[in-house]
Amino acid sequence: MTFAAILSCLSLAILAASTPLQLLNPQILATTSLDPTVSSLNLTNTSLTASTNCFIQPHHAGAPTLLETNYPDCLVAVTLLPADKAATTPYTFSRRPDAEVRLPYAKSFRTCKIIIDIMDEFETERLRWRDISDTLEAPRGVLRKCLGQSPLPPLGGRTSVGAMGAMQAIVVGQAWKPGAVV
């Protein structure tokens with residue numbers, strides 16, 4: 001499921017309900033776009049920091065049911081992100097046909113799905129896969145902050161990645177049964 005499709009699904013549920021999907025942080029998930037100004041990235045020496053928003057299950061009629069995931073499954077999904085590309089080589093990420101990494105881009109492992117997307121069709125970001133994994137795995141990143149570090153269920157979350165903050169890394173749970181093919 002693409003980032004736009006997730007937003008579309010959430011938008012329909014939000015419009016049908018009286019209160020929007022709440023994030024753990026006080027910000028509310030926008031129904032049409034994500035605010036890139038929320039993040040503050042420092043790309044020096046791969047010590048990345050960004051605002052992380054953890055998802056919580058909304059309790060109003062018509063809300064989508066979010067599935068739980070776990071830290072070990074998401075750690076594996078992060079290592080699968082670069083696929084056949086070098087983790088330390090900079091690439092151009094975009095929805096444009098000439099991008100080195102076409103967005104939206106997703107990888108999954110068992111209960112965890114990681115989606116990398118950008119909202120603007122013409123935006124590009126130049127960064128390394130390592131920058132994305134460092135952002136997700138940072139002490140205040142989605143994996144550590146949203147998957148087991150709080151008393152809330154581990155439903156995932158989102159964070160901005162890249163120097164401009166136009167790209168989003170989203171971690172969500174997905175259905176998986178033990179013994180199923182990954």
Side-chain angles (χ1 to χ4, degrees), residues 1-11 21 23-55 69 71 73-109 112-147 155-174:
M1 183 178 272
T2 67
F3 182 60
I6 291 172
L7 279 181
S8 175
C9 177
L10 291 175
S11 296
L21 172 68
L23 298 168
L24 185 59
N25 286 1
Q27 293 115 351
I28 297 174
L29 181 62
T31 60
T32 57
S33 67
L34 297 175
D35 182 7
T37 60
V38 174
S39 83
S40 60
L41 291 175
N42 176 5
L43 294 174
T44 57
N45 300 327
T46 70
S47 83
L48 303 176
T49 58
S51 295
T52 298
N53 297 291
C54 299
F55 297 132
T69 185
Y71 187 78
D73 286 356
C74 288
L75 277 179
V76 174
V78 166
T79 64
L80 297 174
L81 279 174
D84 61 344
K85 299 192 180 290
T88 57
T89 301
Y91 296 100
T92 303
F93 291 76
S94 179
R95 289 179 172 235
R96 298 172 40 162
D98 61 341
E100 293 172 291
V101 179
R102 290 283 311 266
L103 300 176
Y105 182 89
K107 287 291 179 177
S108 340
F109 182 78
C112 184
K113 183 170 194 167
I114 299 175
I115 305 160
I116 309 298
D117 203 357
I118 200 163
M119 289 304 294
D120 188 337
E121 298 286 329
F122 302 103
E123 283 285 342
T124 60
E125 255 322 331
R126 183 130 179 107
L127 67 157
R128 305 168 303 164
W129 282 109
R130 184 71 202 171
D131 298 329
I132 296 170
S133 63
D134 284 354
T135 300
L136 289 168
E137 295 178 43
R140 298 186 72 209
V142 172
L143 298 190
R144 292 190 183 176
K145 184 177 175 187
C146 302
L147 305 179
L155 300 173
R158 68 168 175 86
T159 190
S160 297
V161 292
M164 297 183 302
M167 260 176 45
Q168 297 286 314
I170 301 127
V171 176
V172 294
Q174 66 179 10

Any [X] side-chain heavy atom under 4.5 Å of [Y] side chain:
X      : Y      : result
Cys146 : Val171 : no
Leu81  : Leu136 : yes
Phe55  : Val172 : yes
Glu123 : Met167 : no

Rounded distance (nearest 0.5 Å) linking atom [atom1] of [X] with atom [atom2] of [Y]:
X      : Y      : atom1 : atom2 : result
Thr92  : Leu103 : OG1   : CG    : 10.5 Å
Tyr91  : Arg126 : OH    : CZ    : 9.5 Å
Asn53  : Lys145 : CG    : NZ    : 7.0 Å
Leu80  : Leu75  : CG    : CG    : 11.0 Å
Arg130 : Glu137 : CZ    : CD    : 6.5 Å
Thr124 : Glu100 : OG1   : CD    : 10.5 Å

Tell me the closest heavy-atom pair linking [X] and [Y], and the distance in Å.
X      : Y      : result
Leu147 : Cys74  : CD1-SG, 3.6 Å
Ile118 : Ala166 : CG1-O, 3.4 Å
Pro82  : Val78  : CD-O, 3.7 Å
Ala77  : Ile114 : CB-CD1, 3.7 Å
Ser94  : Glu121 : OG-O, 4.3 Å

Kindly say whether [Y] contributes a backbone atom to a donor-acceptor pair with the side chain of [X] at under 3.5 angstrom?
X      : Y      : result
Glu125 : Phe93  : no
Arg102 : Arg95  : yes
Ser160 : Gln168 : no

Below 30° counts as parallel, above 60° as perpendicular, anything between as tilted: where do the rings of Trp129 and Tyr105 land?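 Trp129 and Tyr105: tilted rings.
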